[in-house]
Student: 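Here you go, one structure.
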Amino acid sequence: MCGIIGYVGSKDLVSVLLNGLKRLEYRGYDSAGMAIKTNLGITLLKSEGKITNLESIIKEQNLAGLDGNIGIAHTRWATHGKPTTINAHPHSAGSISLVHNGIIENYQELRIILEEEGFKFKSDTDSEVLAHLINKFYNGNLPQAVEKALNEVEGTYGAAVISKEDNMIVGAKKGSPLILGIGSGEHFLASSEIPIRDHTRRIISLKDGDIITITKDKYNIVSLGQRQEREIETIEWDTEALEKKGYKHFMLKEIHTQPETLTETLRGRIEPNKKNIHLGGFDNLPGEYFEQLNRIILLGCGTSWHACKVGKYLFEKTLRIPVAAEYASEFRYQNPVVNPGDMVMAVSQSGDTADTLAALQEGIRRGGVPFGMVNVVGSQIAREADKGIYLHAGPEIGVASTKAFTSQVLAFNLLNLYLGIIRNKISDEEAQDMIVAIESIPSKVREALLLENEIKAVAEEYCNHSNFLYLGRGLNFPVALEGALKLKEISYIHAEGYPAAEMKHGPIALIDNNMPSVFVATEMNSSCSKIISNMEQVRSRNGKIIAITTEDYSSQIGPLADHTIYVPNVQEYLSPIVNVIPLQLLAYHIADMKGLDVDKPRNLAKSVTVE
Ligand code: M6R
């Protein structure tokens, strides 16, 4: 994780870097710092904690408007070394200053060697090793020193380096993202295009092995000693998506804009005859591939893994082929079985999650055909997969994923239909019915959002509880997992998601009047009586019940639950999209009532770009 930004140009350097860091804060917020080069040398500024602390230091020192035109900055998510000022980046050695995102795996060995050679370390970080190595090899040629230093290290990096002597920034990428922004008389390097968008829409996403040099007027990309020509891409998202637009938090905005983001996920994907689905990202494979496909492996982490579990349920029911939904973080260490030709799909909002990227690469290595389901266009997973489906949900800034999940589930519905039609598992009439249901989803979500005041009242009653259980069956089990994850990550309340029927095999021991159970109970045609029994089991142990259900079940569930939230009725496969809305709102309001930093919960970062 961590976010880096570098700038060469004639704008106010401190503001460009500071605003860039604010845009990057979703990548980590343990500490922050910047190195600015002026005719007086390099000034280093660092602080513990959020970017606002660094901003105060800058204000105290009256540095805004300082006459510099080259600088690098960093916001940290601690991996090696505590989140202290001393461990904050940039790290300096001799005339070198460096910001680094990634992990230098052999840093301990290198540190011992460098210390024996007389280099003095100030921090506990792995990154400082890289600064010393570059300094060791620096003899007036900065790109060459960076290249030589990188030859010594094992691990991942997106790095930016300056020196007192050179009017340039040297960047390098391997395993962590690094984007070049091309402006007029200015260039940027950053961990994502988000901070660059404020200045230019022209970017190049660097590739692993690239070393780049930027000055005010030029850039030069070299890989394996060869100069590279790369196509310039144009960023499409507008910067409005990066503002809160009157909402108290990004998370709340992202919850409320789901009718629009779901509409974007659908745009251009339903054929005018409403009998077919158009997925441009699948065009480059022959139809026979999908006809003959006999196994699908879905890979994701956190919320994206929950979406994979929904995808598995849909695909297995419709396509009748085995589907695995695997934790990407476990996949490559379990000697996975991948048959040649298996569809291996990496599901990720950011497209930068290191575990998911590595799992996809493992799938490819074992003969699988790679696909991506990604929100961030041009991200590492999107590039690696080359085929797949973009969510088009717009930038998700809140650390807790919300709109990405609903778009992922919708994208799985589109894909299920697409594959079902190709494999003759879905008739024209069924396709039309499903498409009508899919098209109604944005308005159903709008209806579900009207439940907010009811949910706020529930949040008020329960915000001081320390434990919650979330229960659901079938498709509602991943929704229960997602509800529990939302609550724990932003409110720091312990919450567990469980299949409702599994509760009696253990977690039931936890039930008392201090342990509320949130039942997600909408799809119960065959299991209605079972879930009702699960509720009875909770009630008879004095447990409180918050039920998410539909009016269809009001007579059975109403009398059992302490609080009943009625969500709109939708077709079964789409129900996770509607059912998760009250759970997102419940977690949000509980965290907000507790006065917590909803968008930047402690210890977390938006993109987990380290393993
Ligand atoms: O960007 P990704 O979808 O790959 O991220 C995966 C997880 O890190 C992410 O979903 C995480 O669990 C969120 N904080 C959940 O809200």
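In listed order, ligands and their atoms are each counted from 1. Side-chain atoms are counted along with the backbone in the values below, which use heavy atoms only and exclude waters and symmetry mates.
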Student: What orientation do Phe468 and His465 show, parallel under 30°, tilted 30 to 60°, or perpendicular over 60°?
Tutor: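 The rings of Phe468 and His465 stand perpendicular, inter-plane angle above 60°.
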Student: Show which atoms of ligand 1 fall inside a sub-4.0 Å distance from at least one heavy-atom site of Gln349.
Tutor: 1 (O), 2 (P), 3 (O), 4 (O)
Student: So, the side chain of Thr156 versus the backbone of Ile103: is there a donor-acceptor pair under 3.5 Å, distance only?
Tutor: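 Yes.
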Student: Do any heavy atoms of Leu604 fall under 4.0 Å from ligand 1?
Tutor: no
Student: Quick one: which of Glu396, Glu489, Glu482 has a heavy atom closest to atom 16 (O) of ligand 1?
Tutor: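 The nearest heavy atom belongs to Glu489.
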Student: Distance under 4.0 Å to a non-hydrogen atom of Ser350: what atoms of ligand 1 satisfy this?
Tutor: 1 (O), 2 (P), 4 (O)
Student: Between Gln380 and Pro177, which heavy-atom pair has the shortest distance, and what is it?
Tutor: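 Answer, listing the atom of Gln380 first, then Pro177: NE2-CD, 3.6 Å.
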Student: How far apart are the C-alpha atoms of Asn476 and Ser575, what are their side-chain angles, what is the distance that settles it, and do they pass the side chain to side chain donor-acceptor pair (under 3.5 Å) test?
Tutor: CA-CA 8 Å; Asn476 279 326; Ser575 62; 4.5 Å; no
Student: Which is it for Tyr588 and His249 under the ring-ring contact (aromatic ring centres under 6.0 Å, His included) test, yes or no, and what are the steps along the way?
Tutor: CA-CA 9 Å; Tyr588 171 79; His249 294 103; 5.5 Å; yes
Student: Count the heavy atoms of every other residue, nucleotide or ligand shown that sit under 6.0 Å from NZ of Lys594, and state whether that count exceeds 12.
Tutor: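 Yes.
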Student: Could you tell me whether some N/O pair between Thr356 and ligand 1 is separated by less than 3.5 angstrom?
Tutor: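 By distance alone, the answer is no.
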Student: Tell me which one of Glu482, Glu396, His306 satisfies side-chain hydrogen bond (donor to acceptor under 3.5 Å, both in side chains) with Ser401.
Tutor: Glu396
Student: Indicate the ring-plane relationship of Tyr247 and His256, choosing parallel, tilted or perpendicular according to the 30° and 60° boundaries.
Tutor: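 Correct class here is parallel.
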Student: Out of the candidates Arg23, Lys22, Lys253, only one should pair with Glu243 under the salt bridge (Lys or Arg N to Asp or Glu O under 4.0 Å) rule; please name it.
Tutor: Arg23
Student: Closest non-hydrogen protein atom to atom 7 (C) of ligand 1, residue and atom name please, with distance?
Tutor: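 I find the closest protein heavy atom is Cys301 O, 3.6 Å.
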Student: Checking a contact table here: which protein heavy atom is nearest atom 5 (O) of ligand 1, and how many Å away?
Tutor: Thr353 OG1, 3.5 Å
Student: Below 4.0 angstrom from a heavy atom of Ser304, which ligand 1 atoms are there? Numbered from 1 as shown, please.
Tutor: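 So the answer, numbered in order with elements, is 2 (P), 3 (O), 10 (O).
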Student: Which residue owns the protein heavy atom closest to atom 8 (O) of ligand 1, what's the atom, and how far is it?
Tutor: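 Going by distance alone, atom 8 (O) of ligand 1 is nearest to Val608 CG2, 3.9 Å.
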Student: Could you identify the single nearest non-hydrogen protein atom to atom 12 (O) of ligand 1 and state the distance to 0.1 Å?
Tutor: Gly302 CA, 3.3 Å
Student: Is there at least one pair of N or O atoms, one from Val347 and one from ligand 1, spaced under 3.5 Å apart?
Tutor: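 Looking only at distances, the answer is no, because the N/O contact criterion of under 3.5 Å is not met.
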Student: Using a strict 4.0 Å cut-off to heavy atoms of Ala400, name the atoms of ligand 1 that fall inside it.
Tutor: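 Within the 4.0 Å cut-off of Ala400, ligand 1 contributes 16 (O).
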Student: Return the residue, atom name and 0.1 Å-rounded distance of the protein heavy atom closest to atom 10 (O) of ligand 1.
Tutor: Thr303 N, 3.0 Å
Student: Write down the atom of Ala346, the atom of Ile381, and the distance for their closest heavy-atom approach.
Tutor: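 Smallest interatomic distance, heavy atoms only, reads CB-CG2, 3.7 Å.
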Student: Identify, by atom number and element, the atoms of ligand 1 in contact range of Val399, meaning under 4.0 Å from any of its heavy atoms.
Tutor: 13 (C), 14 (N), 16 (O)
Student: Considering only heavy atoms of Lys486, which atoms of ligand 1 have at least one such atom less than 4.0 Å away?
Tutor: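 So the answer, numbered in order with elements, is 15 (C), 16 (O).
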